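A short worksheet on the structure shown next.
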Protein chains: 2
Amino acid sequence: MIAPAGHRTVRRHNLALVLGCVAEAEPLSRARVAERTGLTRGTVSSLVDELITAGLVTELAAERGGPGRPAAPLQLNRNGPAGLGLELGVDRLGACVVDLTGAVRAQRIVPSEHVDADPEGVLDALAELAAAVRAEAALPIAGAHLAVPGIVGESAIVRLPNLSRWAGVDAAGGLAARLGCATGIANEADLAALAELWFGRTPADFLYASIGIGIGAGVVIGGELFRGPGGRAGELGHMVVEPGGPPCRCGGRGCLERLVDLRDLDRSARALGAALTGAVALLDVRTIVLGGLDPAVAEPLRAAVAAELAELDPPVTVTVSDPGAGGALRGAAATVVRAVIRSPDGGR
Amino acid sequence: MIAPAGHRTVRRHNLALVLGCVAEAEPLSRARVAERTGLTRGTVSSLVDELITAGLVTELAAERGGPGRPAAPLQLNRNGPAGLGLELGVDRLGACVVDLTGAVRAQRIVPSEHVDADPEGVLDALAELAAAVRAEAALPIAGAHLAVPGIVGESAIVRLPNLSRWAGVDAAGGLAARLGCATGIANEADLAALAELWFGRTPADFLYASIGIGIGAGVVIGGELFRGPGGRAGELGHMVVEPGGPPCRCGGRGCLERLVDLRDLDRSARALGAALTGAVALLDVRTIVLGGLDPAVAEPLRAAVAAELAELDPPVTVTVSDPGAGGALRGAAATVVRAVIRSPDGGR
DNA sequence: AGCAATTAGTACGAACATCGAACAAACCTC
DNA sequence: GAGGTTTGTTCGATGTTCGTACTAATTGCT
């Protein structure tokens with residue numbers, strides 16, 4: 001409720017509407033787009049023209065079949081602006097390029113132990129990796145997004161529990177300078193949750209629990225990431241599971257993160273069950289996705305956690321993350337192209 | 001991303017923009033509204049004309065002061081459409097009328113023990129109470145909203161833990177028929193949280209914990225109520241505080257609701273502290289408002305809970321609800337007028 | 001008194017995006 | 001090859017905002 005609306009606003013809105021429609025169910029003719037969106041065929045034609053000249057949409061050869069003039073199928077431009085995803089893990093670096101449809105066009109992941117390494121040197125290595133996938137994909141890059149294993153504030157890293165040397169480092173800014181394109185940054189669990197939403201088999205509302213070296217979570221409500229007022233929402237690892245238990249660096253006591261040890265699945269499942277029961281009560285999500293797990297551990301843990309939540313009403317479904325979804329790296333890259341699809345005019 | 005935008009949409013948006021601007025900082029001249037909204041003075045004139053003929057805004061006598069033509073102050077119409085708030089408590093009934101500014105223009109609260117009473121009879125009594133406040137306020141009623149102590153689904157009561165005879169009763173529909181106006185329904189804690197937001201001294205992000213016969217919570221994020229996918233979000237009472245503790249009817253074990261007993265403030269504060277620590281981690285709210293408390297208990301409990309949360313980083317503020325905010329009843333009534341202000345054309 | 005300066009609100013034409021309807025294009029079937 | 005059907009484009013009408021010029025009403029200075 002801040003900005004006035006005018007002609008421009010309407011055009012922007014409808015441009016995004018048409019592009020989103022094509023992205024959702026390509027290929028689609030102009031006539032079908034008109035039906036789905038409620039716009040006139042004439043208006044759709046005008047909007048599609050603009051999207052084509054912007055390089056976001058392409059028109060395929062006419063498709064003959066039934067009676068009447070054959071439709072010209074529209075689809076997202078596979079050679080249009082792409083997203084560059086970057087990952088700074090505790091023990092690896094990753095980079096990938098995703099095209100407008102979300103397909104991975106190039107990807108590299110290299111092990112890289114950098115707990116004690118100089119952040120600037122790591123950023124150099126990451127930029128080099130990015131250059132390699134960019135060259136391989138040979139697509140125009142609309143922007144980049146970086147996944148980090150920690151809490152992210154306003155475009156700067158606030159806390160990386162397992163990478164203490166990064167405290168206060170402006171990783172997004174450093175990469176933007178090295179790469180020459182706008183670079184966002186977000187929590188690894190949040191981006192993995194989005195990948196699960198876009199490329200996995202989740203409903204529009206779920207909690208993604210990333211159970212790795214720490215425990216993080218990404219919460220998706222209504223198909224949107226729920227970040228909370230300060231961007232720190234979903235800190236599942238600091239739910240209190242054992243009141244009066246061992247103190248945690250967060251200031252609480254008996255936090256989940258300190259009680260989960262995957263060598264003891266029963267104990268871990270009980271702790272996760274308690275934390276997730278609370279999360280379900282508070283957020284009202286009915287699906288839990290467990291991610292970041294070793295394949296050998298995943299299914300037993302899933303079953304044990306599901307048993308802990310079995311009595312809840314309404315019932316809660318517990319699943320394991322979809323390996324095809326692509327994780328935080330693809331989520332980061334897809335975040336960029338999703339932003340393009342949401343506002344095709346690119347902010348003017 | 002569903003509806004196409006056109007002239008109509010723009011007009012609606014700007015109408016709401018102007019009305020919201022006046023509501024936020026009345027009285028305000030057309031020129032100031034133009035400055036604040038970014039619209040042209042001409043456009044604002046046109047929009048204000050429409051709002052005045054719709055009976056939502058009134059023009060006061062010109063205000064002389066500095067040089068130049070005196071401004072005609074605009075304000076919300078005190079005699080415009082009003083909201084009817086209704087409350088179905090465990091041991092009382094309430095009704096109130098609130099004008100467009102949110103001011104209470106008539107209010108009645110009567111004790112009424114109806115755990116064993118017939119719902120239809122109770123609705124009759126509530127409708128009668130509503131008729132009385134309507135007559136007293138003598139304002140046109142835009143709609144009604146009902147506050148209930150339980151979980152609300154899609155416009156029907158889903159569960160009222162303390163009023164078992166109401167399971168499955170369509171209270172909103174029954175009241176709409178009796179009152180002759182559209183009637184919404186929501187959880188008591190949610191509406192009390194909104195009252196706190198609109199008429200109290202809270203920031204735009206907080207958790208309101210209603211500690212009465214049960215324990216509920218209303219979560220406000222970014223100035224908006226966070227309801228969750230199924231409208232059940234904020235069930236603080238079913239956070240797990242004592243894993244493996246006594247079973248709860250929700251299917252969990254060791255739920256907060258079963259462990260809080262205000263006669264033992266220390267124990268209650270520890271349990272609340274554990275649940276709220278989890279809520280803070282998950283939702284990232286930094287302010288907790290305690291409501292529904294006896295004045296004698298409120299401050300000691302606040303202090304005890306604040307002590308439990310003292311170590312958290314970033315810090316969390318614990319306050320007691322503002323008695324001037326008006327609680328769920330005023331929140332219900334204000335919900336109606338807020339809806340009018342948000343979409344002044346009334347949906348066409 | 002009278003006149004300039006200042007601010008508020010109104011009037012009018014231009015720009016722009018959608019809508020509706022008519023039209024042209026391309027294919028299928030008979 | 002004629003008729004029917006569906007797709008996509010063209011063109012004028014409608015409606016809303018914007019920019020500019022104009023009128024209105026008051027203060028303050030000469």
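Here the structure is a predicted model, which is why all the values come from computation and not from measurement.
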Study note, to complete from the structure: Sequence neighbours excluded, the answer for side-chain hydrogen bond (donor to acceptor under 3.5 Å, both in side chains) partners of A:Asp205 is none
Practice item. Could you tell me which residues satisfy side-chain hydrogen bond (donor to acceptor under 3.5 Å, both in side chains) with A:Arg201, sequence neighbours excluded, listed by chain and number? Key: A:Asp322
Study note, to complete from the structure: Between B:Ser45 and A:Ala62, the residue closer to the 5' end of DNA chain C by nearest nucleotide is B:Ser45
Check your understanding: Below 4.5 Å, heavy atoms only, C-beta onward: do B:Leu100 and B:Val337 meet side chain to side chain?
Key -> yes
Just how far is it from atom [atom1] of [X] to atom [atom2] of [Y], taken to the nearest 0.5 Å?
| X | Y | atom1 | atom2 | result |
| --- | --- | --- | --- | --- |
| A:Glu136 | A:Cys96 | CD | SG | 11.0 Å |
| B:Thr58 | B:Arg78 | OG1 | CZ | 7.0 Å |
| A:His13 | B:Thr9 | NE2 | OG1 | 7.0 Å |
| B:His145 | B:Thr335 | NE2 | OG1 | 5.0 Å |

**Study point:** Within residues 22-30 of chain A: residues closer than 4.0 Å to DNA chain D (heavy atoms)
**Key:** A:Ser29, A:Arg30
**Study point:** Residues in side chain to side chain contact (heavy atoms under 4.5 Å, CB included) contact with A:Arg30, at least two apart in sequence or another chain
**Key:** A:Val44, A:Ser45, A:Val48, A:Asp49, A:Ile52, A:Glu59, A:Ala72, A:Leu74
Check your understanding: Which letters describe nucleotides 13-23 of chain D, given B = protein heavy atom under 4.0 Å from base, S = only from sugar-phosphate, - = neither?
Key -> -BBBBBB----
Practice item. Among A:Asn14, A:Leu47, A:Leu76, find the one that has a side chain to side chain contact (heavy atoms under 4.5 Å, CB included) with A:Leu19. Key: A:Leu76
Point to revise | Note: B:Glu24-B:Arg32 ion pair, threshold 4.0 Å (strictly below) | key: no
**Study point:** chain A footprint on DNA chain C, 5' to 3' - any atom under 4.0 Å from a heavy atom
**Key:** C:dA15 to C:dC28
